[in-house]
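Residue numbers begin at 1 in each chain, while the letters A, B, ... track the order of the sequences.
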Amino acid sequence: MPDPSKFAQALGTDSFIVTCELDPPKGFVPSLLDRKIAVLKNKVQAVVVSDNPRARMLMAPVGFCRYLLDQGLELIMTLTCRDRNRLALQSDLLAAAGLGIQNILAVTGDYITWGDHPEGKPVYDLDSIQLIWAISQLNSNRDISGNVIEGTAPSFTIGSAVALTGNPVGPQVLKFRKKEKAGVHFFMSHPVFDLADVEEFFKQVVEIQTPLLASVCLLTEEQIRGYVLGNYPGLLIQDSLSDKFKSVHSTEFQPRMIEHTARLIETIKKDGRFRGVHLMLQGAEEQIGELI
Amino acid sequence: MVVEIRNPKFKSIFILNHNFEHNLKVNSKNSKVLIIGGGIAGITAAVALSRLKIAVTLIEKATALGGMVPNYCCKATDACQQCGVCLLNDSLQALSQASNVEVHLQTEVTDLTLDANKFLYTFSRPGGGGEGRAEALLLATGFTPFRAEDKPQYRYGILPNVITGLDLERQLKETGSVVRPSNHTLPTSIAFIQCVGSRDPHLNHPFCSRVCCAYALRMANLIKYKNPQTEIAVFYMDIQTFGKDFSLFMEKTEKQIRFIRTIPGEIQKGDNDQVWLTFQDDDGLSSRKQAFDLAILSVGIMPGSDLEFFKDKLGLPLNGDGFLSEANEIFSSKGIFLAGTVRGPKGIAGSITQAYRTAEEVAAYLKTRPV
Amino acid sequence: MKYAFFLGCTVPVRNLNYELSARWVARELGLELVDLEDFQCCGFPLKSLNLLDSLVVAARNLALAEQAGLPVCTLCSACGGFLSEANSHLQHNHDLKSQVNDRLKVSGLEYKGTIQVKHFIRILYEEIGIERIRERITRPLYGFSFAPHYGCHYIKPARTAGGIDPVEDPKSLTELIEVTGAKALRYETLLDCCGGSVLGIKEDLANTLAGNKLSEVNRLGGNGLVLICPFCNVMFENQQKKIEKKLEQKLKVPVLYYSQLLGLALGTDPDTLGFKLNRIKDKEFLTGFERRD
Amino acid sequence: MIPQEEFRKLNRVLIWGKGQTAEETATRLTLLGYEVLKINPDEQFQLLSIEGFAGDFQVTLQQTIPSLEKEGGMEMLERIWTEKFGAVVFAPELVSEGNFSDYQVAPTEKIITLEEMQKVLIPGLDEFHQGNHSFSALPTPASAGGRRIFAALKPASYVAFLVGLTTEGNVLDMAVTLSAALEIRKRFQSQISIFCRQVKVAGEGLERLYQACRDEGVLFFKFDQEGPALLRRGDEVVLQFEDTILKRPFILTPDLLVFDSRHLLSSEVRQTALSAGIGMDKSGFLQSANVHFLPQASEREGIFIAGPGKGPMLSQLSIEEARATALSVHHFFQGLTSETMNQEVSVDKGLCTLCLTCLRFCPHQAVGFTHRVFIHPLACRRCGICASECPMDAIQIEGYSDNEVEEKLMALQERGDKPEFSQPRIVVFGCQRSAGVAWEGAESSKLKAQSNLEFIPLPCAGKLDPDHVLKALSVGADGILVLACPEENCRSVHGNTYARERIMEIRKYMEEAGVNPGRIRFEHLSSNMEWYLKEIIKQFSETLEELSNPQSAIRNPKWKNGPH
Amino acid sequence: MIIASRKPFAEIKKSIELYENILVVGCGTCVAVCLAGGKKEVGLLASQLRMSFALDKKKIQISEETLERQCDHEFLETIREPLKEFDCLLSLACGAGVQFLAETYPGKKVFPGVNTSFIGVAEAAGLWTERCRACGDCLLAITGGICPRTLCVKGLNNGPCGGMIDGKCEVDPERPCAWVSIYERLAEEGRVNQIEIMFPPTDFRFQTKPGRVTHRAYLRRYNAGSK
Amino acid sequence: MDPIDLKKLDPDFKHRLARELGGEQIKKCFSCGVCSARCPIEKIEPEYNPRRIIRMILLGMEEELLKEEFLWHCSTCYTCQESCPQEVDFTEVIFVLRNMAVRKGLAPAGLGAARNLLDQQGRMYEIGDFENEKRKEMGLPEIKGNAKDYRELLKD
């Protein structure tokens, strides 16, 4: 069995972990990525590579991860249930293992109609819990049909998402527990904008055994001003927040938003229930220094 | 036989029993009811009685049935305003299907006597007359609209652009629009003056006509609906409740119509045939004049002119308002019944209800009266 | 037709033209007017101070007429109105009557309530009648037009004024003018008050009131305003200069009494009718009228 | 159709209500020979449901009896049972809630409701209800509350009534207020002020009562907007207000303050009405605000509504209501003859697929089903909504059946293309009871004679069948005019709305087929709007001519010949 | 019940425009109940087609017929004789009916007039909603009578996705999240524990197409040959 | 403006006024405002407003009202009285109010002069020799007039 990943080791320490999301490119132009990679490399414990986020067709995460790995980054590869059936999911996982990708974030995936191929057929052969279970199976050298995997068993660190601010929170807690049972190693929350919003969840889940990273999203002006219609899944902007920025002038927006978000991160850090933060910077990855 | 069961456990149940008889047994040959007045009350009562197989003679002075209602317009805007004018057609339709109602139009009762529970009457009609007998008499002779000329300060009949609510009803009914009589253009400002002839002890009418707020406000809404830019002011003393959902109606009406709680003193002629109203201003501190394109006098319901005839012939008392008195027992013991505005001001719905009530009483009377 | 002639305070002192013409017309039409020596003020001026006093004074006059057995004819609308009012009150209110009679004892009089009070114009209209007047017209005033002024107390309060005219639409004076052959003007301020009763209290207010009517009549043109009450005359004739000043407008509205107008039509000359005493006359009318013969 | 033997005519009437109207209705119906069961709707009795049809209703009742026998608390005994009735009369009274919350004060010794005042002053309510608005001298009341109120009524005391300030007010409250004020004035000489928005006097003798109050020196303060402000000063309440005539501020510290109440339908009755499918108006009183239900009808045949449950009313009127209701019920039973059962509405058993569309769309709950759907001839009001909704054309209304309508349309086609048809051919579908009357009206007789117009009467606009419209177009009509009663004026509640909705659907069909949807027009028309009928036809003819103009940019599907 | 809705008119018209003798065939069962293909719809469509073709100055004969069901041979047989005049059949039945009609009358051109949507229920007058995906492996026993495979847009087996907002679906905010409904119902019934265990991945063999159901009693009769 | 306490006003004022000749109908008023709308004085001098005067009477504002100078501005044209739907004889009410004010010594100065004239000569304008001379010239009868009884007659 290979060594646990650097990220898995970090989870084992007391240090406050920072991860950052990075979308694969739509078409591979390394020069466009290099600056971001350089900035992120020193700032975060791991980069989370998304998998066709919001159902937008991008470069396959396995390939992109391989590239980033070469740049010396620690990686968490996202895998959604939307685009692959059980064969494809497992074969991608085997590919990942073979390429040295050790951390997997297993999620259901935003529905296909959100993206740029809304007419496509969504798969959802497995759901996220079944996927977590499937990865655990692989870690123990079996596929989900019970067939033996040749060679060294992969040692995936398995992550999944949790909707801390879900309403009603009961079904989300149920799912959280089921994920724990299915063998998840760490959780990343959906974006949190105010810690008050997560209290309902923590009322029901008093003690968390599994490390939990709070997601923090650096909102864009369009999102907060409602120019982008509606919220996308998991991103629920409260009116109180958008009201706060109503009178902020466009030129001032980003600095003020960064300031606001940095304060939120500070609060999360002090809160004690979170093992770290996961940053969703939405293209502003180069500004990460101003946040942490 | 009435049995009342009082069981402490079933405190509120009364069971009332009576020897069951399905139909009121009325022999139509002997039990004719004479209804005078073919307005909504008379027609409704006739239909109601005919359904009980009671033979009815309905006498109407005019050339057509309906009384005042055929003069009225439908006041529906985007939705029905519940004026009830359309109910006349239902009644007429029912009457046309009634088998035992004789209708005499253009007929006037010329004499009427009560003799041993029988009404003997003579009538005249174009090309002759005749006489008849009836076991019961139902008066539904209706009302007279107030003569607006009797309020000379409003110059009705003198200034062309002063019209009555009834004139407005007719105009709306026949043409669907309101124009200034002086030049047939649409008025841009309209004043409704309420209580013209009503609530006026000075004119010997110490009563509220009950229908004027209803028709004026509904027509105001209708005008506003047709021509939203028309400015409408309503001069009133107290807005009287009418119809279902009245508070919602008022809420809507108050939004588009100006209400001024005062009665204008007089109407004078202005330029372009405008009418000048002098009234106490909203601020209550002084009066002022304002020009309107059209003034509408909400004339009220006054006792019918034929009441004197019945008073004389049958010795019926008039009440303090000049209508036939409510003291119904005196009447019903003699077989005289009243329905509709002959008893006092009321709207179409009220007249219908009362016609039903009276029909029920007539039926009960015919069944139980001394032979 | 015989009436006790009640002149009141103003007419015999200030409006001799009214008295002259009325007496002439009465004679001409066979109306006998008897002067009672002891007739004094009608009582109206006291009404504001003490209603009972005013009624006592009125009753005194009425009792005098009763003694003479004659109904009363007044020239002044206020006198006529108030005497009628007092008559009505006392006739209907027994307590009041005995109260008043108690007071009248000092004058040796007793009010009984047996006679009627009528304004001179009303007698012309009701007793003589339009038709009889028409028969007597010898010089019709064709081509001339006049604005009638009924004044308030001639027709109001309706309850005691005897119902000669509907208060909102009076006709008697109009018809009386038209029977002379002249045209009676219809105008918006027809029913307006002259303001006479406030003259002593607030002259400006009174002038404004009278001014409204004078302006309209001035605008209308015509040959003058026809009056039937000396009180109104005070406002429209005596005050006209002041009103002109107040309105900063020349009015020059000729003012004349109806009896003067009728007198002309009945064939007499302006002098007999006291036209000389009219302060504002329509010379064109008078000369035009003379020239016709 | 259900077999005759399944019909039952039960000469029993349930009166669900209490008070004057209920009692009077019960008495009158008993005299007319019906067996009457009268039940008070209160905590003890509830009417759970009314199943079945006119003449044969199954009414489920519930009685809850508190039993004291049980130790350590009360045990509630519940009894639910079903009884059968031929007709049901809803005649509830309203419940009153003191308007304290509206005025934001709490009831105290000095603040009472109009009802309390009325109870103290008028023990003989009946006398009052019989229209006698003056009271005989009454002894001091026995109750403590009554004595307290009497103690407050002295010549030097000030009584203030606040009535109709937070609501529109009603004539009933005003009548009670005026009577009470007059009574207090006469008996105690207290100073009385009445604060209100409108003095509601639309009832017999009320104007004179109002005048009598003024003669007695009762003061009236009327407000256009805000009523008086109520300030608390120690134990006392101070009314602060501006007199609308003088425009000057006043205060009054009354020794007794009397508030009006809100009159509401009790929740039990409301619940019952809802479950029985009986409509309410927007203010929450019984009976839908639709004039065609006047005076006592409801959506369901055999169910009647009487009395103050429809909204606060004067007692004279409640009596009138009761008697009129008795007659309506009687009429209903009189109509229950074999004639009525003639098959005017038929369901073809072979075609019916039991889709229940008819049942769902019937505004009168006249449809039932066993092995097949049946339409109860007594409950049915023959609007034909079911027939036009039936996907299998299984329901036919005599006089308006598919065959009859198609025959008329075919006749139109057979008239062919005679020269007289220079004007556009219009088929008018109209409610028989509104447009039909207008069409027959004397004024419109010229229209009737116009051979380019074909009027097809419908029993209700809800009988408008899209299939007939398309057929009419396909056999040569240039335009279709659909005429329905005004909104909220349909005798079958939704018939006009359904018609309007179907027009939207028909427009789509027409558009799809390449026919300009401008060729169909929908209008509301009441029976006495002949002028409007003429106007619409004139306008519509012009529109159609414009559409048929070859120069017109609009596509021109002029039908010279039917497609067959 | 099978729920269907009328196909766009243009599509229907285009499919049959080459033919001259057309029979519009309705079905008196499911599609009649959901107001898509009963007798009335047949009439409407026929009228519409007649108008439309007439506008195109095209001579086409359109007739109407509605069968009790198109998914039974016996009912289909009833039109064998009259069918001879027609070269084209426009069926308003569900997909099954259309196919069976086509199968029964091999020589005829058969076209569908409706889109068959789903298996559903009448929620209110004129409103039908889906309730069953016909997965062949019913799990309603565990999910409290609410099918996540049908009602969850993603068909999730193990709880709601993170996109659920205020109890509503991430895809359609009007629609309740199926898993929230399941959870709440089971919570009320005190049996949430039923869904606390992980559901294994769905066995899609139950959904192998085309489906075939044989009544137990006749297994031998129908399955003998297929071995 | 300080609010007026209704309890400090005199509720009996209206009743007292109603007991005076001409004031009987005062309480019938329902504030329609026709009187004010038609009043010619009100047009010139808005302070004089019959509707408001009646309101003050009904509310018992005796003290304030009787002091008002405008009570004396009524021209007694009777228009208000004739057009009142409730038959309030407002012109008569004005006279009653004036009488009440006089009793309280609130009459405007100079009004007593009229009374004095009557007291002395029985008429408003003296008719002396000069006047009678003039009348004679015009051919009108002499006016003698005996008013000796007036002083006694008007003595309370």
Side-chain angles (χ1 to χ4, degrees), chain B residues 2 9-24 48 51-52 73-74 76 78-80 82 84-87 89-90 173-176 199 206-208 210 238-242 244-248 250 261 283-285 320 326 344 349 352-354 356-357 359-361 364, chain D residues 11 26 28 30-31 33 35-40 42 44-45 65 131 167-168 170-171 198-202 204 206-208 211 222 224 244-245 247 281-283 285 289 291 294-295 311 320-321 323-324 326-328 331 333-334 433-434 437 486-489 524 526-529 531-532 535:
Chain B
V2 177
K9 280 198 171 181
F10 293 82
K11 185 174 72 184
S12 326
I13 299 185
F14 294 84
I15 294 180
L16 302 163
N17 267 317
H18 199 272
N19 292 337
F20 182 75
E21 259 180 307
H22 192 63
N23 294 327
L24 282 172
R51 284 195 195 157
L52 301 180
C73 63
C74 167
D78 53 339
C80 171
Q82 299 170 49
V85 169
C86 54
L87 296 180
N89 278 310
D90 294 9
K173 197 220 159 196
E174 276 153 29
T175 67
R199 305 187 74 180
F207 53 85
C208 161
R210 299 192 222 177
D238 297 286
I239 295 295
Q240 303 301 330
T241 315
F242 53 87
K244 287 205 137 240
D245 287 328
F246 177 76
S247 54
L248 298 171
M250 273 312 281
R261 199 200 295 269
D283 67 12
L285 296 179
E326 264 277 286
I352 291 176
T353 307
Q354 209 177 54
Y356 269 74
R357 171 231 174 121
E360 197 264 2
E361 284 169 344
Chain D
N11 296 310
R28 302 304 286 198
T30 310
L31 292 173
E35 189 185 322
V36 175
L37 179 69
K38 178 176 149 306
I39 298 186
N40 287 1
D42 54 23
Q44 227 190 74
F45 284 101
I65 313 155
T167 59
E168 234 327 297
N170 59 71
V171 67
Q198 318 283 354
V199 178
K200 306 275 184 187
V201 288
E204 184 163 338
L206 290 184
E207 182 72 44
R208 270 175 287 153
Q211 209 179 71
K222 296 185 196 176
D224 298 326
T244 46
I245 310 286
K247 301 282 164 194
D281 62 19
K282 290 177 192 127
S283 317
F285 296 114
V291 288
L294 289 172
E320 213 145 80
E321 282 273 319
R323 298 190 175 175
L327 186 77
S328 298
H331 278 166
F333 280 103
Q334 293 275 301
R433 308 182 74 172
S434 52
V437 175
E487 289 282 307
E488 292 164 42
N489 183 272
H524 293 292
S526 44
S527 50
N528 68 350
M529 284 166 84
W531 69 271
Y532 193 46
E535 179 68 26

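Between chain B and the residues T244(D), I245(D), N528(D), the most heavy-atom pairs under 4.5 angstrom are made by N528(D). Note: E487(D) leads E487(D), R433(D), H524(D), E321(D) in heavy-atom pairs under 4.5 Å with chain B. In terms of heavy-atom pairs under 4.5 Å with chain B, the best-connected choice from A289(D), S526(D), P486(D) is A289(D).
Atom-to-atom distance recorded for F207(B):CZ and L206(D):CG is 13.5 Å, nearest 0.5 angstrom. Once rounded to the nearest 0.5 Å, the distance linking OG of S527(D) with CG of D90(B) reads 7.5 Å. For the atom pair SG of C73(B) and CE of M529(D), the computed distance is 8.5 Å after rounding to the nearest 0.5 Å. Between the CZ atom in R357(B) and the OG atom in S328(D) there is a gap of 14.0 Å [rounded to 0.5 Å]. The CD atom of Q240(B) lies 6.0 Å from the NZ atom of K200(D); values are rounded to the nearest 0.5 Å.
In terms of modelled atom types and a separation under 3.5 Å, the side chain of H331(D) and the main chain of A48(B) share a donor-acceptor contact. At distances below 3.5 Å, at least one donor-acceptor pair connects side-chain atoms of D245(B) with backbone N or O atoms of K282(D).
You'll find the side chain of L327(D) reaches within 4.5 Å of the side chain of L52(B), heavy atoms only. Looking at L294(D) and I352(B), their side chains never come closer than 4.5 Å, going by heavy atoms from C-beta outward. Under the 4.5 Å side-chain criterion, counting only non-hydrogen atoms from C-beta, T175(B) is not in contact with W531(D).
Between the side chains of Q354(B) and R323(D), no donor N or O sits under 3.5 Å from an acceptor N or O.
In this structure, chain B has a heavy atom under 4.5 Å from the side chain of Q211(D), while its backbone stays farther away.
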